[in-house]
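Some notes on the structure that comes next.
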Amino acid sequence: MEQPADAAAIRLPKGMTVEGLWAARQALMQNPTPDGLKNLATQIFAVQQYVAGERLVLDVIGAHQDNLAVLLAAADVLATYTMRYDLIVAILGKVLLALPHLSQLKVFLATALVRKGDVTAGMRIFAEIMQHHPEHHQDACEHLVVALLDAGYAQEGLMVLESWFRGGKPVTTALLSNMGCVLQRMNRSEEALVWYRRALEREPQNSAACTGYAVALFKAGHFGEGAPHYLRREGLAPDSVSWYLSLPHLRKGEPLQGKKVIFYQEQGLGDTLQFIRYLPMVLAQGAQVTLVAPDTLLRLLRLAFPQVSIVAEKDFARQDGYDAILPIPDLPFVMGLQTRADIPAQVPYLQAPPADVARMAALLPAQRPRIGLVWSGGRRTKAMDVLTDQRRSTTAEQVLGALTPVEAVLVNLQLGPRREDLAAWRGQPVCDLMDHAHDMADTAALIEGLDLVISVDTSVVHLAGALGKPVWLLSRWDGCWRWGDTGETSPWYPTMRIFRAQERSFGPVLAQMGAALQAWVATWHPGKGALD
C-alpha cells in the first residue's frame with residue numbers, strides 16, 4: 001500500500017512526522033489492537049483531521065471484519081468523533097449476534113439507534129433492558145436521557161428521570177447532571193441549578209457537572225457565579241498543538257499593565273465576534289495583546305483594532321516574551337462580568353471597510369427594504385457539535401416558504417454547502433452575492449447595505465449585532481445560554497429581536513416570524529430597527 005498523495009497536507013498530531021504517522025497507520029493495519037486503534041484515531045481527530053480519522057477507522061475494520069474487539073473499539077471512536085451511527089449500529093449488531101451475552105452493548109446500540117433517528121427501535125431495546133437486565137438499569141437510564149435530549153425529545157427525557165427519582169432508585173452524579181441539563185435545555189435554568197448543585201455536592205471535581213452548572217448559571221443571568229465553574233471546563237480549542245497553549249492562563253484580577261497576552265479563538269466565529277467587545281478594556285489597562293484569529297476574521301478585526309497585533313494561526317511562529325494566554329470566550333469573565341446589567345452593549349463596535357461597503361452596495365438591487373437570510377449553521381464534524389447544529393439549523397425551503405411572498409428584496413447570506421439549497425427554490429427570487437464575500441469583512445460590507453438580517457443562531461447573528469444592524473434571531477427550542485430562557489430582546493445586542501422555537505420543529509415559530517415580517521415591511525422606513 002502506497003502512502004497517499006495528500007499525506008503531507010494534513011495537520012499532524014503533536015510530535016509526529018508524516019513518515020511516523022504513515023508508519024503507525026501501516027503497523028495498525030497489519031496488526032490492529034483496540035488500544036492501538038483508539039490511540040492513533042484519537043490523535044488524528046484531536047487535530048481536526050476528521051476525514052483522515054474516519055478513513056483510518058474504516059480501513060482497519062474493513063480489513064479485519066472478524067476482529068470483534070477491534071470492531072468495538074471502532075464503534076467507540078466513531079461515536080465520539082463522528083455521526084456515523086449507521087456504521088455503529090451495524091457494528092454493534094454484528095458483535096451482539098456473535099456474543100449475545102454482552103448485554104451491556106445493548107445500551108450502546110439503543111443509544112446509537114436513537115441518535116440515528118430510529119427512536120422507536122432504540123426505545124424498544126431500552127424497554128427490553130429495563131425488563132430483563134436490572135444490572136444495567138442505571139447505565140441505560142443515563143444514556144437514554146442523553147440520547148433523547150440530543151434527538152430533541154426533552155420532555156420524554158424529563159419523564160424518564162422523574163420516574164427514576166420517584167422510584168427511589170440509586171442517585172448518581174450523572175443522573176443529577178442529566179436532570180440539570182434537561183431543565184436547562186427546556187429553558188428552566190433556575191430549576192436546573194438545584195440539580196447541578198446536588199451533583200457537585202456528590203462529586204465537586206466532575207467536569208461535565210461543572211460545565212453544565214456554569215452554562216445554566218449563565219443562562220439564568222448569574223455570570224459572576226458561573227465564571228469560576230466555566231473556567232474549569234475541558235479545553236475546547238480546535239487546535240491542540242499550538243505552541244502557546246502551554247502558557248499560563250490569564251486570571252481575573254491579574255494586573256495587566258505591561259503584560260503581553262495572547263488571545264485565541266477557542267470555539268466558533270460567533271463567540272469571537274460577541275466577546276471581542278471586551279478587548280478595548282484590556283488595552284485600557286495597559287496590556288499588549290496579540291490576537292490569533294482565523295483567516296476569515298483578520299481584515300474585520302484589524303480594521304476594528306489597529307493597535308493590536310492580529311495574526312493568523314498559520315503565520316504565528318513560536319516567540320518568547322509572552323506572559324499569558326486567554327481563550328476569547330473567557331474575556332467577559334476575566335474582565336468582571338457579573339450580571340446582565342454589566343454587559344457593554346454599545347454598538348456598533350465593529351465596522352466594514354468603507355470601500356467594500358460601496359462595492360457591495362453597487363451590486364445590490366435598488367429596491368428597499370433589503371432582508372438578509374441565513375438558514376443553517378456552518379458545517380460541523382465532531383458528533384456532539386453536529387447534533388447541536390441539527391437542532392439550530394433548518395432549510396432554505398422552510399424559511400423562504402414561511403417568509404414569502406414579501407414586498408422586499410431578499411438577499412442570501414448563507415455560505416457553505418447549505419447555500420446550494422437555493423438552487424431548488426422556485427418561489428420569490430433571492431439575490432445571491434456571496435461569491436463576492438471572501439471573508440467576514442466582505443460579509444459585513446454586504447450587511448451594511450441591508451435593512452434587516454434574519455438568521456438561525458450562527459456567526460452572522462453576532463456580526464449583524466456587532467455592526468448595530470437590525471437582526472432577527474431564529475432560536476432553537478433549547479436556545480444557547482447567551483440568549484437566556486425567555487424574552488424577545490438581548491442585552492448583548494440592542495438591535496436584536498429573538499423568535500424562540502417552543503418545539504423540535506421550526507414551523508410554528510417561522511409562521512410567527514412570517515406574520516411579524518409582513519407587519520415590519522408594511523411600516524418600514526429608512527432607519528427602522530428590528531424591534532420597531
Return yes if some donor-acceptor pair links the side-chain N/O of [X] with the main-chain N/O of [Y] below 3.5 Å, else return no.
X      : Y      : result
Arg202 : Val171 : yes
Trp477 : Phe506 : no
His64  : Met29  : yes
Arg392 : Val456 : no
Gln502 : Arg500 : yes
Lys314 : Asp295 : no
His229 : Cys210 : no
Ser393 : Gly377 : yes

Indicate the atoms forming the closest heavy-atom contact of Ala151 with Arg504, along with that distance.
-> O-NE, 3.2 Å
Locate the shortest heavy-atom distance separating Lys106 from Glu128; write the atom from each residue and the value.
-> NZ-OE2, 2.9 Å
Any luck finding a side-chain donor-acceptor pair between [X] and [Y] under 3.5 Å?
X      : Y      : result
Thr172 : Gln138 : no
Gln184 : Tyr213 : no
Asp421 : Thr395 : no

Run the salt-bridge test on [X] and [Y] with the 4.0 Å N-O cut-off and return the result as yes or no.
X      : Y      : value
Arg185 : Asp150 : yes
Arg482 : Asp457 : no
Arg233 : Asp330 : yes
Glu225 : Arg197 : yes

Flag side-chain contact, heavy atom, 4.5 Å: [X] against [Y]:
X      : Y      : result
Trp375 : Gln398 : no
Ile129 : Val107 : yes
Leu176 : Leu200 : no
Phe45  : Thr82  : yes
Lys219 : Asp485 : yes

Can you check side-chain contact (heavy atoms from CB on, under 4.5 Å) on Leu175 and Glu142, steps first, answer last?
-> CA-CA 6 Å; Leu175 288 169; Glu142 291 174 0; 3.6 Å; yes
Does the gap between the ring centers of Phe218 and Tyr230 come in under 6.0 Å?
-> yes
Side chain to side chain contact (heavy atoms under 4.5 Å, CB included) with Leu473: of Tyr493, Phe499, Trp483, only one passes, and it is Trp483
Count the heavy atoms of every other residue, nucleotide or ligand shown that sit under 6.0 Å from CE of Met159, and state whether that count exceeds 12.
-> no
Evaluate whether atom NE2 of His143 has more than 12 neighbouring non-hydrogen atoms of other residues, nucleotides or ligands under 6.0 angstrom away.
-> no
What distance separates Leu337 CG from Phe275 CZ, expressed to the nearest 0.5 Å?
-> 9.0 Å
Given Arg115 and Ile88, is the side-chain contact (heavy atoms from CB on, under 4.5 Å) satisfied, shown in steps?
-> CA-CA 11 Å; Arg115 286 187 167 152; Ile88 296 167; over 6 Å; no
